[in-house]
**Student:** 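Just dropping this structure here.
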Amino acid sequence: MSGSRPSGISWLGPSVFGLGQRALRRLDAETAHQLTIRTLQIGVFPRATEPDDPRLSQELWGLTFKNPIGMAAGFDKNAEVASQLIEMGFGFAEVGTITPRPQPGNPKPRLFRSERDGAVINRMGFNNEGHLPALERLRRDCAGVVGVNIGANKDSTDRVADYVKGIETLTDVAGYFTVNISSPNTPGLRDLQSPEALGELLGALNAARRPSEATGRVPPLLVKLAPDIEHAALPEIISVAQRGGIDGIVVTNTTLSREGLSDQDFAREAGGLSGAPLFARSTKFLAELYLLTEGKLPLIGVGGIVSGAKAVEKIEAGASLIQLYTGMVFKGPALLADIKRAILKRLDEGPQSTLQELVGVSATEWADRLPL
Ligand SMILES: Cc1cc2nc3c(=O)[nH]c(=O)nc-3n(C[C@H](O)[C@H](O)[C@H](O)COP(=O)(O)O)c2cc1C
């Protein structure tokens with residue numbers, strides 16, 4: 001099967017239905033993904049059997065994370081299975097991207113997997129049911145830390161207003177907000193990363209922020225950046241973001257680069273690349289941000305975490321929390337236990353003995369790597 005054919009994205013299937021990966025791959029990607037979501041909804045999934053080691057736990061922004069591993073945005077676009085993901089062993093889940101109004105996203109096929117490169121290309125285009133269904137679901141069931149990733153509708157005439165609506169509508173159910181200005185699949189969206197546009201956006205968002213009725217706290221505000229930003233532009237972007245009062249950065253979204261791919265049919269698909277080939281690019285970017293912010297701003301490191309070792313590297317490069325999506329597609333839920341084991345082993349080896357001490361120990365080394 002050609003790597004560039006749309007392929008089944010599902011990691012629960014084999015354990016749940018007794019289907020082999022090969023059988024799953026015969027399903028189209030969307031069907032397999034929906035099946036996975038439904039399977040989680042009906043409660044048929046492997047649960048974490050033991051409580052997490054206390055050394056994996058940390059407090060950030062007044063929230064308690066039982067472990068630093070989150071499900072990245074894009075898996076649970078409609079906030080249907082956040083609690084199940086946490087029950088499975090994730091320390092937190094980020095739902096979305098959610099736009100004010102429902103929208104179908106781009107024409108199918110729009111999801112491609114390359115086994116050979118350990119990578120996914122997607123051009124989903126924010127397919128989602130809109131704010132209200134997500135609000136209702138999270139109101140009913142919001143156990144654990146659930147971040148809400150907000151975006152703008154493709155046909156919006158006022159994108160800033162769409163993000164503001166996200167804050168206004170979803171504050172009571174958001175553990176934190178991620179402002180997604182880095183998807184490559186909504187034309188023009190990444191322009192919001194320019195310092196001027198970002199300053200304006202953050203000004204409008206800050207005016208809309210308020211305490212949650214559920215917790216009495218104002219949900220922290222994070223922005224999610226693309227790994228394709230000109231590195232020379234970073235200091236100004238970060239200074240605007242910090243002046244705009246952000247509480248953290250999610251680093252990074254998918255890349256438009258096709259660096260490191262061997263599967264040429266796959267590489268020709270349009271969209272954002274995730275998985276193993278994104279690791280070095282997103283981790284160097286993370287380390288640069290860690291140094292620019294002098295380690296004072298919590299960063300969520302995401303991109304290419306496909307093993308316990310890569311998760312440890314991500315934390316050492318500067319991530320207080322990590323997220324993954326593509327790694328789960330290829331490795332399944334066993335990856336969660338692998339990552340937890342690898343972090344604890346690293347802490348056992350020392351000299352750092354806490355997660356906080358581990359964050360950023362290799363940032364300088366990573367930032368000094370040659371540009372990709
Ligand atoms: C199928 C798919 C859909 C995604 N959708 C979103 C999205 O809606 N919003 C978002 O911020 N990121 C989205 N992402 C990006 C991921 O959250 C993550 O930043 C990226 O995949 C890199 O992590 P990974 O290499 O672990 O997959 C999506 C990724 C994939 C593979």
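What's counted below: heavy atoms across the whole structure, side chains too, no hydrogens, waters or symmetry copies. Remember, it's 1-based here, ligands and their atoms both numbered in the order they're listed.
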**Student:** When you check the gap from the basic side-chain N to the acidic O, do Glu129 and Arg137 get nearer than 4.0 Å?
**Tutor:** yes
**Student:** To which protein heavy atom is atom 1 (C) of ligand 1 closest, and what is the distance rounded to 0.1 Å?
**Tutor:** Leu111 CD1, 3.5 Å
**Student:** Touching ligand 1 at all, Gly275? Heavy atoms, strictly under 4.0 Å?
**Tutor:** yes
**Student:** Classify the ring geometry between Trp61 and Tyr176 as parallel (under 30°), tilted (30 to 60°) or perpendicular (over 60°).
**Tutor:** tilted
**Student:** So, are Arg210 and Asp172 salt-bridged, with charged N and O less than 4.0 Å apart?
**Tutor:** yes
**Student:** Can you tell me which residue and heavy atom of the protein come closest to atom 9 (N) of ligand 1, and the distance to 0.1 Å?
**Tutor:** Thr97 OG1, 2.7 Å
**Student:** What about Trp366 and Phe279, are their ring centers closer than 6.0 Å?
**Tutor:** yes
**Student:** Specify the protein heavy atom at minimum distance from atom 27 (O) of ligand 1: its residue, its atom name, and the distance to 0.1 Å.
**Tutor:** Thr326 OG1, 2.6 Å
**Student:** Can you tell me which residue and heavy atom of the protein come closest to atom 8 (O) of ligand 1, and the distance to 0.1 Å?
**Tutor:** Lys77 NZ, 2.9 Å
**Student:** Does Val250 come within less than 4.0 Å of ligand 1, judged by its heavy atoms?
**Tutor:** no
**Student:** If you have a sec, work out which protein heavy atom is nearest atom 12 (N) of ligand 1 and how many Å separate them, to one decimal?
**Tutor:** Lys224 NZ, 3.0 Å
**Student:** Give me the residue, atom name and distance of the protein heavy atom closest to atom 4 (C) of ligand 1.
**Tutor:** Gly74 CA, 3.5 Å
**Student:** In ligand 1, which numbered atoms sit nearer than 4.0 Å to a non-hydrogen atom of Leu324?
**Tutor:** 26 (O)
**Student:** Mark yes or no: Arg47 above the aromatic ring of Phe45, with NZ or CZ under 6.0 Å from the six-membered ring centre and no more than 45 degrees from the axis.
**Tutor:** yes
**Student:** Between Lys314 and Thr283, do the side chains contain a donor N or O and an acceptor N or O under 3.5 Å apart?
**Tutor:** yes
**Student:** Establish, yes or no, whether the cationic atom of Arg113 lies under 6.0 Å from the six-membered ring centre of Phe330 and within 45° of the ring axis.
**Tutor:** yes
**Student:** May I ask you to identify the nearest protein heavy atom to atom 21 (O) of ligand 1, giving residue, atom name and distance to one decimal place in Å?
**Tutor:** Ser274 CB, 3.2 Å
**Student:** Measure across Ala82 and Val95 and return the closest heavy-atom pair with its distance rounded to 0.1 Å.
**Tutor:** CB-CG1, 4.0 Å
**Student:** Could an N or O of ligand 1 be found under 3.5 Å from any N or O of Gly304, whether backbone or side chain?
**Tutor:** yes
**Student:** Report the distance from atom OG1 of Thr169 to atom CG of Leu132, rounding to the nearest 0.5 Å.
**Tutor:** 6.5 Å
**Student:** Hey, does Asn149 come in under 3.5 Å of ligand 1, counting only N/O atoms on both sides?
**Tutor:** yes
**Student:** List the steps and the verdict of salt bridge (Lys or Arg N to Asp or Glu O under 4.0 Å) for Arg209 and Asp247.
**Tutor:** CA-CA 13 Å; Arg209 293 174 76 187; Asp247 299 292; 2.9 Å; yes
**Student:** Record the part of Asn253 in heavy-atom contact with ligand 1 below 4.0 Å; permitted values are side chain, backbone, both and neither.
**Tutor:** both
**Student:** I want to know if ligand 1 touches Thr252 in the polar sense, i.e. an N/O pair below 3.5 angstrom.
**Tutor:** yes
**Student:** Which residue owns the protein heavy atom closest to atom 16 (C) of ligand 1, what's the atom, and how far is it?
**Tutor:** Ala73 O, 3.4 Å
